[in-house]
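Worksheet: one structure, shown below.
Computed from a prediction, not measured in an experiment: that's the story for all the values here.
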Amino acid sequence: MSAEPGTVRPGGRTARVRAAVLRAAGDVLAEQGFAHLDLADVARRAEVGKTTVYRRWGSVTGLVADLLGDMAEHSLPRADTGSALGDLRANAALVRRTLADARQGPLFRAVIAAATSDARTAQALRRFYDVRVGEWAPCVEQAVARGELPAGTDPSLVVRAVSAPLYYTVLTTGVVPDEAAADRAAEAAFAAAVSGVYVVGDRPAAPVEGQDRGRTELPPVPPRPR
């Protein structure tokens, strides 16, 4: 059975062709949006044969799927600051920098817009975020093990809660959140997680240090790094 176009990971001498094509596709998305992404134009920009692009990726959506997969693989690894809040702040800062980047920001907005009306692009975008959320999930798992967060806390819910307000701000206002907004997003997700909002399953949230059955007391939030 042959692989679906855009899912093959070529190696060796063909890797340069793939890198050039994906770079060109990203440029078009950032400059002109999904509607102007054309395989022939991408081939011209990448200085490769048009037949090669059509044969390997097959369609615009196949190309976007491969681009998102490549971006997920080469994204920066998660931070390990030693505390849940520190890790979540680092995650928020990374998301904010991506949205503020002159190339990455418009590229993501174009793909997100396309995903609202194209099923395959939406599927590729979900895979991208599944990979990125999975990369950062251990920071929550380790926080649970350290007793910072209640047992049963769902790591993916916490990680997504950090980036959600940042994306919402960009998509509804067109304004990239500043560093203070990124810190607030991380602190809000952390506070909600501590209180048990993201505990899943039937068992109640285990109290963290500073909590008992008669009162709910969130741990103090350390000052924001300068």
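- Residue pairs that meet the ring-ring contact (aromatic ring centres under 6.0 Å, His included) test with at least one member in residues 62-107, sequence neighbours left out, do not exist here.
- Looking at residues two or more places apart in sequence or on another chain, you find no salt bridge (Lys or Arg N to Asp or Glu O under 4.0 Å) involving Arg23.
- Residues Thr14 and Arg56 meet the side-chain proximity criterion, which asks for heavy atoms closer than 4.5 Å.
- Sorted by first and then second residue, the pairs that involve residues 136-174 and meet ring-ring contact (aromatic ring centres under 6.0 Å, His included), not counting sequence neighbours, are Tyr129-Tyr167.
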Name the atoms and distances for all side-chain donor-acceptor pairs under 3.5 Å in residues 41-50, with sequence neighbours left out.
unit_1: Asp41; atom_1: OD1; unit_2: Arg44; atom_2: NE; d: 3.4
unit_1: Asp41; atom_1: OD1; unit_2: Arg44; atom_2: NH2; d: 2.5
unit_1: Asp41; atom_1: OD2; unit_2: Arg45; atom_2: NE; d: 3.4
unit_1: Arg45; atom_1: NH1; unit_2: Glu31; atom_2: OE1; d: 3.2
unit_1: Arg45; atom_1: NH2; unit_2: Glu31; atom_2: OE1; d: 3.1

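- In this structure Ala189 satisfies the side-chain contact (heavy atoms from CB on, under 4.5 Å) test together with Ala161, Val162, sequence neighbours excluded.
- Hydrophobic clustering (side-chain heavy atoms under 4.5 Å, transitive across Ile, Leu, Val, Met, Phe, Trp, Tyr) keeps Val95 apart from Val175.
- Within the structure, the ring-ring contact (aromatic ring centres under 6.0 Å, His included) test picks out no pair touching residues 31-51 (sequence neighbours left out).
- Between the Glu135 side chain and the Pro77 main chain, no donor and acceptor come within less than 3.5 Å of each other.
- Closest approach of Ala182 to Ala92, counting heavy atoms only: O-CB, 3.3 Å.
- Closest approach of Val159 to Asn91, counting heavy atoms only: O-OD1, 4.2 Å.
- Heavy atoms only, all atoms of each residue included: Tyr198 and Leu157 are closest at CD2-CB, 3.7 Å.
- Residues passing the salt bridge (Lys or Arg N to Asp or Glu O under 4.0 Å) test with Arg103 are Asp27, sequence neighbours excluded.
- Remark: Asp38 pairs with no residue by the salt bridge (Lys or Arg N to Asp or Glu O under 4.0 Å) rule, at least two apart or across chains.
- Atom CG of Leu39 and atom OG1 of Thr52 lie 12.0 Å apart (nearest 0.5 Å).
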| request: Could you go through the salt bridge (Lys or Arg N to Asp or Glu O under 4.0 Å) check for Arg18 and Asp66 one step at a time? | output: CA-CA 9 Å; Arg18 178 173 177 256; Asp66 196 22; 3.0 Å; yes
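- If you take CG on Leu88 and CG on Asp183, they are separated by 11.0 Å, rounding to the nearest 0.5 Å.
- Counting heavy atoms from C-beta outward, Val170 and Arg109 have side chains that approach closer than 4.5 Å.
- Taking both residues in full, the closest heavy atoms of Ser59 and Arg120 are given as OG-NH1, 3.7 Å, listed atom of the first, atom of the second, then distance.
- Note on Val197: it clusters hydrophobically with Val194, by side-chain heavy-atom contacts below 4.5 Å among ILVMFWY residues.
- The distance from the OG1 atom of Thr121 to the CD1 atom of Ile112 is 12.0 Å, given to the nearest 0.5 Å.
- Between Pro150 and Thr153, the shortest heavy-atom contact is O-OG1, 2.6 Å.
- Taken from CD in Glu148 to CD in Gln142, the straight-line distance is 10.0 Å, to the nearest 0.5 Å.
- Residues satisfying the salt bridge (Lys or Arg N to Asp or Glu O under 4.0 Å) test with Arg96, not counting sequence neighbours, are none.
- Rounding to the nearest 0.5 Å gives a distance of 11.0 Å between CG of Asp87 and CZ of Arg89.
- Ser156 is linked by a side-chain hydrogen bond (donor to acceptor under 3.5 Å, both in side chains) to Asp154, counting only residues two or more places apart in sequence or in another chain.
- Among residues two or more places apart in sequence or in another chain, the side-chain contact (heavy atoms from CB on, under 4.5 Å) test is passed with Pro165 by Ala185.
- Between Val176 and Leu166, the closest side-chain pair of non-hydrogen atoms is not below 4.5 Å.
- In this structure, CG on Leu99 lies 9.5 Å from OG1 on Thr169, to the nearest 0.5 angstrom.
- Heavy atoms of other residues, nucleotides or ligands lying less than 6.0 angstrom from CD of Glu179 number 12 at most.
- The shortest heavy-atom contact between Ala122 and Ala115 is CB-O, 3.4 Å.
- Residue pairs that meet the ring-ring contact (aromatic ring centres under 6.0 Å, His included) test with at least one member in residues 93-128, sequence neighbours left out, are Phe108-Phe128.
- Under the 4.5 Å side-chain heavy-atom criterion for grouping Ile, Leu, Val, Met, Phe, Trp and Tyr, Val28 is connected to Val17 within one hydrophobic cluster.
- Side chains of Ser75 and Arg132 form a contact here, defined as non-hydrogen atoms less than 4.5 Å apart.
- No side-chain heavy atom of Val144 sits under 4.5 Å from any side-chain heavy atom of Glu141.
- For the pair Val111 and Leu67, the minimum side-chain heavy-atom distance is 4.5 Å or more.
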